[in-house]
J.: 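Pasting a structure below so you can have a look.
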Number of protein chains: 2
Amino acid sequence: MFTLDQARSFVAVAEELHFGRAAERLNMTQPPLSRQIQKLERIVGVELLERDNRSVTLTAAGEAFLLEARRLVIAAERAPENARLIASGQLGALRIGFTAATGFSMLGPFLEQIGTKLPNVHLELTELVTNEQITALIDGDLDIGLARPPFDENLFESVLLLSEGLFVAVPSGHRLESLQRDLQVSDLADEPLVMHSPTKARYFYDLVVRQIPIEHNNVRHTVSQILTMISLVAAGRGIAFVPESAKVLGVEGVSYLRLSGPIEHPVQLHAIWNRKSRNPALARLIQIIKASQPD
Amino acid sequence: MFTLDQARSFVAVAEELHFGRAAERLNMTQPPLSRQIQKLERIVGVELLERDNRSVTLTAAGEAFLLEARRLVIAAERAPENARLIASGQLGALRIGFTAATGFSMLGPFLEQIGTKLPNVHLELTELVTNEQITALIDGDLDIGLARPPFDENLFESVLLLSEGLFVAVPSGHRLESLQRDLQVSDLADEPLVMHSPTKARYFYDLVVRQIPIEHNNVRHTVSQILTMISLVAAGRGIAFVPESAKVLGVEGVSYLRLSGPIEHPVQLHAIWNRKSRNPALARLIQIIKASQPD
DNA sequence: CGTCATTACGGAATGCGTAATGATA
DNA sequence: TATCATTACGCATTCCGTAATGACG
């Protein structure tokens with residue numbers, strides 16, 4: 001097989017139609033150039049140039065080969081470009097997992113920021129609950145997740161993106177609404193509840209249970225998605241504990257009441273990624289996240 | 001710039017994900033392969049493979065570069081193919097000149113034959129009188145012509161393709177037609193003539209003059225193209241000397257009468273080409289012509 | 001200890017540049 | 001004789017293969 005150098009040499013000679021000038025252009029002397037062309041012709045098995053000692057001409061075969069050689073040289077010169085961009089994280093793909101709740105608050109600005117800073121990185125979005133994100137991250141099916149704690153510190157690194165208040169969603173016109181103040185835990189006794197699934201929405205479940213003594217008799221439904229909860233609240237099936245960002249869901253017939261508690265913003269959202277990930281675009285994204293969240 | 005060998009090496013390693021097997025596939029030992037990959041990575045400026053001493057994995061950049069490298073290697077392997085085909089005359093283009101008269105007899109079968117034997121050679125056709133063909137052949141604007149003698153033997157080589165009888169074209173119902181036999185030169189005395197141009201259709205002019213004592217007073221028109229002549233004959237402007245193949249023109253109101261002479265088939269058609277031509281497709285065509293016309 | 005990639009080293013091949021040769025107008 | 005491609009030759013570099021080393025389960 002011939003060499004890219006030979007192809008480049010041939011292109012130069014074919015364009016100059018003069019070994020001397022071509023050699024100059026290639027920063028070499030004529031003799032080695034002459035030999036390279038001869039070698040190329042031997043490899044291709046065809047006379048590419050007609051030298052009649054006064055002028056150099058392309059043969060018909062040479063003309064065809066010139067096109068191929070040029071394409072080849074150009075392709076070779078450009079080949080590393082993408083690889084370099086990908087390695088620097090400026091080009092590539094990021095597979096982002098997010099929970100339904102984040103989809104309505106955090107996700108938009110988050111993607112906006114990535115899109116601005118990494119315009120050539122393709123973003124692939126998947127809605128997954130935290131647990132699903134964890135396994136996807138472990139399996140390498142996801143690059144980064146927007147999820148709730150806790151995470152295994154050995155496997156994952158994370159950054160706190162957002163803390164927000166815990167609210168109580170009630171059907172519009174509910175008696176609690178008329179209190180006209182932040183709710184206390186004691187206000188909620190005996191209220192029928194739409195609760196989080198202790199397995200699929202463990203974070204919220206634990207968060208709520210930690211703050212409020214739940215009467216399990218009051219639990220009417222157990223669901224895993226915020227939107228489902230709120231729909232059930234709207235349908236008058238009970239009240240539910242939701243993050244402040246659930247307000248933007250804009251479901252009709254639901255009011256949101258702040259719940260007082262020991263921590264002002266107990267509901268946390270983290271960006272989380274696998275420490276083993278080798279995706280350069282992720283590394284880049286992490287830099288960006290850390291730079292904009294310096295805590 | 002990296003080497004095609006390095007690209008090929010990389011493709012092998014990336015596909016095998018194992019230096020040992022890749023080396024085997026490349027018919028070499030591991031150490032040089034390892035070095036080639038390192039060198040490639042240094043040139044590209046990026047880590048393409050992740051070696052963790054138990055397994056080899058592609059990095060994101062390596063994955064992108066693999067695609068480029070594969071394309072490059074394949075393109076390089078195929079590049080000589082067309083050049084070789086062109087050099088052997090099996091691919092390329094032939095610019096063929098022909099006279100109007102040949103267009104109606106010889107040209108069809110001639111092209112048919114080329115098309116069968118050289119299916120991948122593009123045929124470009126131009127209608128030119130012999131003189132124009134000669135200059136086009138000299139200028140390199142034509143590869144081969146179908147023309148009438150004489151040719152400069154120093155510049156051109158030629159092969160006799162066809163000899164045919166000389167006929168007299170007369171308006172239908174002409175008195176000569178009623179003779180019911182081949183015409184003699186003496187039959188034509190005092191007939192008004194549509195004659196060939198001594199410059200543009202020199203071959204026919206000379207041919208006719210050599211055989212028949214032309215009374216220049218009888219010459220009504222001087223034209224260069226057979227079809228024009230016959231149209232004038234049909235219009236009753238006189239009689240004309242034409243090759244037998246003119247019959248197939250099928251002009252209404254014209255009859256063709258054989259003219260006896262010293263030579264039975266005095267009208268010759270040659271394939272003619274420039275000895276200096278370097279078009280391999282022409283060389284191939286000449287072989288074919290000579291093989292089918294062994295004289 | 002076995003596997004597999006990498007480094008160390010010696011010898012062969014490749015490839016450059018300078019000098020000489022050859023061919024052509 | 002001048003120009004330009006090609007061959008001759010010596011030297012530096014590249015690159016292979018064998019052998020040794022290193023990392024990891």
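Chain naming here is simple, since letters A, B, ... match the order of the sequence lines and numbering starts at 1 in each. Just so it is clear, the structure is predicted and the values come from calculations on it, not from any experiment.
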J.: Could you tell me the separation between the CZ atom of A/Arg35 and the C1' atom of C/dT14, rounded to a whole number of Å?
T.: 10 Å
J.: Which of these nucleotides, D/dT6, D/dG17, D/dC4, is closest to any side-chain atom of B/Thr29?
T.: D/dG17
J.: Of A/Pro32 and A/Asp52, whose nearest nucleotide on DNA chain C comes first from the 5' end?
T.: A/Pro32
J.: Rounded to the nearest Å, what distance is computed from the CZ atom of residue B/Phe19 to the C1' atom of nucleotide D/dC16?
T.: 17 Å
J.: For A/Thr3 and for A/Pro31, find the nucleotide of DNA chain C with the closest heavy atom, then tell me which residue's nucleotide is more 5'.
T.: A/Thr3
J.: Can you check the B/Phe2 CZ to D/dT14 C1' distance for me, whole Å?
T.: 18 Å
J.: Quick one: is A/Gln38 getting a side-chain N or O under 4.0 Å of the D/dA5 phosphate, OP1 or OP2?
T.: no
J.: Whole Å only: how far is the CD1 atom of A/Ile37 from the C1' atom of D/dC4?
T.: 15 Å
J.: From C-beta outward on A/Arg51, which listed nucleotide comes closest to its side chain: D/dC9, D/dA5, C/dA5?
T.: D/dA5
J.: More than 12 heavy atoms of other residues, nucleotides or ligands under 6.0 Å from CZ of B/Arg25: yes or no?
T.: yes
J.: Quick check on A/Arg51: does its CZ atom have over 12 non-hydrogen neighbours (other residues, nucleotides or ligands) under 6.0 Å away?
T.: yes
J.: How close or far is atom P of D/dC24 from atom CD of B/Glu50, stated in whole angstroms?
T.: 13 Å
J.: Looking only at side-chain N and O atoms, does B/Gln30 come under 4.0 Å of OP1 or OP2 in C/dT3?
T.: no
J.: Expressed in angstrom and rounded to an integer, what is the separation of A/Glu24 atom CD from C/dC16 atom P?
T.: 17 Å
J.: Looking at B/Lys39, I'd like to know whether one of its side-chain N or O atoms comes within less than 4.0 Å of OP1 or OP2 on D/dT14.
T.: no
J.: Is it the case that atom CD in A/Gln90 sees more than 12 heavy atoms from other parts of the structure closer than 6.0 Å?
T.: yes
J.: Rounded to whole angstrom units, what separation is found between the CG atom of B/Asp5 and the P atom of C/dT14?
T.: 12 Å
J.: One thing to verify: whether B/Arg95 and B/Glu124 come together as a salt bridge, which I'm taking to mean a side-chain N less than 4.0 angstrom from a carboxylate O.
T.: no
J.: Which one, D/dG17, C/dT6, C/dC16, comes nearest to the side chain of B/Ser34?
T.: C/dT6
J.: I want to verify a distance call: between D/dC16, D/dT6, C/dC16, whose nearest atom is closest to the A/Met28 side chain?
T.: C/dC16
J.: If only side-chain N and O atoms count, and only distance matters, is there a donor-acceptor pair under 3.5 Å linking A/Thr99 with A/Glu127?
T.: no
J.: Using whole Å, what does the distance between atom C1' of nucleotide D/dC16 and atom CG of B/Leu26 come to?
T.: 13 Å
